[in-house]
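To find a chain, count down the sequence lines: A is the first, B the second, and so on, and within it residues start at 1. Keep in mind that what you see is a predicted model, and the values were worked out from it rather than measured. Heavy-atom basis, side chains included; hydrogens, waters and symmetry copies ignored.
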Amino acid sequence: TVGCVALDRHGNIAAGTSTGGLTGCHSGRVGDSPLPGCGLYADNVVGGVSLSGDGESLIRTTLAARLMHSLEAMPPGAAIQAALTYLARVGGEAGLIVIDTEGRVDWGHNSAQFAVAHARAGQPARAFVNRAQDAQEDYP
Amino acid sequence: GWAIIVHGGAKDIPPGLEDAHRRGCLLALAAGQAILEAGGAAIAAVEMAVRALEEDPTFNAGHGAVLNAAGEVECDAAIMDGATLAVGGVAAVKTLRHPISVAAALLSRTPVLLVGAGAEAFAGAHGGELCDPADLIVARPGDPGCD
């Protein structure tokens, strides 16, 4: 599964997801990826999110919606941690990318790895496969 | 200012493939970043970045999708515009080279989510890039895929 969140110069935010599914899953099975509030969400007054992980768990927890609600009250890093904590109720792995309306970028995961690249105006593009490799102090 | 972040899936990355994942994410990021730097729209940047990821066989999306129990490819994609809260999504599609672009084409045409043959018919009527399902299959033994 892949995804993207972007904020443009006009303050507009968008989010997207795309997946090739699960090996050996039942024909017709659909996970979180195409479902707003589960695998993605975007709202100019809050931010945008795109998720990856165990689709059934992300659907059962409506994790993208939960992450968006948390973003209304806390910065992206804390909102991501709150979402991952909630996910533990049903179990499963997830990776989450976020840009809030102030342009703050962050990401997190409880999976072994999560390939991510990000960039902001005035800051070069960087790529990682684990959040621990991405220095916290670089975030606004 | 602008900002962009892309991901290539929450999963175990096989040893030796970390660089391919970082490189693929950076290429996708560049595709979206170019649009944002030129003053373009976030929705266009997201579509272009995801298209690049769908094109890269490193990732489980588009070209690189895994097979279900019936031995078939079934892809899903969605895109959301934070300005209007419009959402376009497609699911269980087998013949779309870039599901994200068909999802984007839905944004201005009302339906939120189309599945299967209906989504593919919509793609055919609105300039979607159709392909043989076999064109999307890449040999990645042991890859369980992910959402």
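Rounded to the nearest 0.5 angstrom, B:I13 CD1 and A:N130 CG are separated by 9.0 Å. In this structure, the separation between CH2 on B:W2 and CD1 on A:I99 is 9.5 Å, given to the nearest 0.5 Å. Interatomic distance, OG1 of B:T84 versus CG of A:D43, reported as 10.0 Å (0.5 Å rounding). In this structure, CG on B:N60 lies 8.0 Å from CG on A:L22, to the nearest 0.5 angstrom. Rounding to the nearest 0.5 angstrom, the gap separating the CE atom in B:M80 from the OH atom in A:Y41 is 3.5 Å. Rounding to the nearest 0.5 Å gives a distance of 5.0 Å between CG of B:N68 and SG of A:C25.
Between the side chain of B:E74 and the backbone N or O of A:G28 there is at least one donor-acceptor pair closer than 3.5 Å. Looking at A:S111, its side chain never comes within 3.5 Å of a backbone N or O of B:A10 through a donor-acceptor pair. With A:Q113 contributing its side chain and B:D12 its backbone, the two residues share no donor-acceptor pair below 3.5 Å. Put simply, the side chain of A:T23 never gets that close to the backbone of B:V66: no donor and acceptor are under 3.5 Å apart. The main-chain N or O of B:D147 is never found under 3.5 Å from a side-chain atom of A:D32 such that the two would form a donor-acceptor pair. Of the possible donor and acceptor atoms, one in the side chain of A:R9 sits under 3.5 Å from a partner among the backbone N and O of B:E37.
For B:A41, the parts sitting under 4.5 Å from any heavy atom of chain A are the backbone and the side chain alike. With a threshold of 4.5 angstrom between heavy atoms, A:L51 approaches chain B through N, CA, C or O but not through any side-chain atom. Interface residue B:Q33: only side-chain heavy atoms are found under 4.5 Å from chain A. Within the 4.5 angstrom heavy-atom criterion, only backbone atoms of A:V98 (N, CA, C, O) approach chain B. For a residue to count as touching a neighbouring chain, one of its non-hydrogen atoms must lie under 4.5 Å from one of that chain's; by this rule B:L67 touches chain A with the backbone only. Residue A:A119 touches chain B through both its backbone and its side chain, counting heavy-atom pairs closer than 4.5 Å. Only the backbone of B:D143 comes within less than 4.5 Å of a heavy atom in chain A; its side chain stays farther off. Using a 4.5 Å cut-off between heavy atoms, A:H109 makes no contact with chain B at all. With a 4.5 angstrom heavy-atom cutoff, B:V115 does not touch chain A via any of its atoms. Within the 4.5 angstrom heavy-atom criterion, only side-chain atoms of B:V87, from C-beta onward, approach chain A.
Tested against A:D8 for a side chain to side chain contact (heavy atoms under 4.5 Å, CB included), the candidates B:V46, B:I43, B:L36 yield a single pass: B:L36. For the pairing with A:C4, the side chain to side chain contact (heavy atoms under 4.5 Å, CB included) check across B:I79, B:I4, B:I100 returns one residue only, B:I4.
Between chain A and the options B:A28, B:C75, B:A92, the largest number of non-hydrogen pairs under 4.5 Å is found for B:C75. Among B:D81, B:L26, B:V112, the residue with the largest count of heavy-atom pairs under 4.5 Å with chain A is B:L26.
In this structure, A:R60 places its CZ atom where only 12 or fewer heavy-atom neighbours from other residues, nucleotides or ligands lie under 6.0 Å away.
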### Task
Go through the steps for B:D76 and A:R29 under the test salt bridge (Lys or Arg N to Asp or Glu O under 4.0 Å), then give the verdict.
CA-CA 10 Å; B:D76 312 325; A:R29 177 260 182 195; 5.4 Å; no
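Listed here is the closest heavy atom pair of B:L29 and A:A117: CD1-O, 3.4 Å. The two atoms that bring B:A91 and A:P34 nearest to each other are CB-CG, 4.2 Å, heavy atoms only.
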